[in-house]
Colleague: 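Here's a structure for you.
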Protein chains: 2
Amino acid sequence: MPRAATTSDAFNAIAEPQRRAILTLLKARERPVGYLASELGITQPGTSKHLRVLRDVGLVRVRQVGQRRLYGLEAQGLQPIHEWVGGFEQFWNESFDRLNEYVKELQREEQSDGGDG
Amino acid sequence: MPRAATTSDAFNAIAEPQRRAILTLLKARERPVGYLASELGITQPGTSKHLRVLRDVGLVRVRQVGQRRLYGLEAQGLQPIHEWVGGFEQFWNESFDRLNEYVKELQREEQSDGGDG
DNA sequence: GAAGTATATTCCCATATGGGAATACGTCAA
DNA sequence: TTGACGTATTCCCATATGGGAATATACTTC
């Protein structure tokens, strides 16, 4: 089985650096494909393909303006990621109760282990 | 060019659901491979492979205890993700100044566009 | 309709993948 | 050492990938 499709969810979609760069660029405002392509330094078709993925997972929206297509941020799809990752915040912020217990438990096990080598 | 390696960074590593499940399981405490495998409902080698990826990107650590290897969370690697995604929070939280300006700008462009069809 | 601009899709390819199966490695017990 | 257990690695494979090149589609102006 290969890796899950990039379009299977936002986690997979934002794993690609260029797609993250696109989202960052869209923070300022809507942008046409050509602008994004030149900013990223990749081809127009390449940019369109990345935008296609972001669209499939609902991280951007498009609207037609004349002969251009303006892509805009649809950030709601990032919220689940933020929440999932946020669930680990307590573990990278030290000085937290559960972390203390955790460490104590480790030390207990280490004792029944031996010590230095 | 294929997709970037799953071991290239935390973004790629956590794109895989089973690996996220592993990290979630490790919140409670360190666990041996066998436990994780049975919880995930996948094989031991499969579990080891996922753990290898997580280890390569620094999201878990191992320590040998007897003949078992206890894997534990190393959540610091998730912090950059949290920060990157957090940079979009203002865009999924409506009622924000910049978002208001954004919308106004859109409406201006829409006017010079025409109207309904 | 024809020409021009902006974007999307298709075709091609080397490569990494996740799972299964088989096997190697490391530790413990006797 | 032998046997048993827990874990890691290797081999195999169908599949999705991101980029490049070529082409199709859409909109605008003439």
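Quantities reported herein were computed from a predicted structural model and do not represent experimental measurements. Because only heavy atoms are used, hydrogens play no part in the values below, and waters and symmetry mates are left out as well, while side chains stay in. The sequence lines fix the lettering, A, B, ..., with proteins before strands; numbering per chain opens at 1.
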Colleague: So does A:E30 pair up with A:R63, basic N to acidic O under 4.0 Å?
Modeller: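 Looking at A:E30 and A:R63, the cut-off is met.
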Colleague: Do the side chain of B:R19 and the main chain of B:A13 share a donor and acceptor less than 3.5 angstrom apart?
Modeller: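 Checked: pair present.
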Colleague: How long is the span from the CG atom in B:L51 to the OH atom in B:Y71, to the nearest 0.5 Å?
Modeller: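 Atom-to-atom, B:L51:CG and B:Y71:OH are 5.0 Å apart.
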Colleague: What is the ring orientation for B:W84 with B:F11, classed by angle as parallel under 30°, tilted 30 to 60°, or perpendicular over 60°?
Modeller: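 Judged by the thresholds at 30° and 60°, the geometry between B:W84 and B:F11 is perpendicular.
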Colleague: Does the side chain of A:N12 reach to within under 4.5 Å of the side chain of A:T7, using non-hydrogen atoms?
Modeller: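 Result no, sub-4.5 Å side-chain heavy-atom pair not found.
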Colleague: Could you tell me how far apart B:R52 (CZ) and D:dA8 (P) are, to the nearest whole angstrom?
Modeller: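 Going from B:R52 (CZ) to D:dA8 (P), I get 9 Å.
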Colleague: In this structure, how many angstroms lie between the C1' atom of D:dA26 and the CZ atom of A:R63, rounded?
Modeller: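 In whole Å, D:dA26 C1' and A:R63 CZ are 17 Å from each other.
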Colleague: For a 4.5 angstrom cut-off between non-hydrogen side-chain atoms, does A:V62 reach A:R55?
Modeller: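 The answer is yes; the side chains approach within 4.5 Å.
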Colleague: Output one letter per nucleotide in nucleotides 14-22 of chain D: B when a protein non-hydrogen atom lies under 4.0 Å from the base, S when only the sugar-phosphate is that close, - when neither is.
Modeller: -BSBBBB-B
Colleague: Got a donor-acceptor contact below 3.5 angstrom from the B:R20 side chain to the B:A15 backbone?
Modeller: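 Yes; at least one donor-acceptor contact below 3.5 Å.
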Colleague: So which of A:L40, A:T47, A:L36 actually passes side-chain contact (heavy atoms from CB on, under 4.5 Å) with A:Q18?
Modeller: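 Result for side-chain contact (heavy atoms from CB on, under 4.5 Å) with A:Q18: A:L40.
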Colleague: What does nucleotides 24-30 of chain C look like as a protein-contact string, B for base, S for sugar-phosphate only, - for none, at under 4.0 angstrom between heavy atoms?
Modeller: --BBS--
Colleague: Rounded off to whole Å, could you give me the CG-to-C1' distance for the A:L54 and C:dA8 pair?
Modeller: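 Atom-to-atom, A:L54 to C:dA8, this comes out as 15 Å.
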Colleague: So, is A:Y71 near the phosphate of C:dA8, with a side-chain N or O under 4.0 Å from OP1 or OP2?
Modeller: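 True: A:Y71 side-chain N/O within range (under 4.0 Å) of C:dA8 OP1/OP2.
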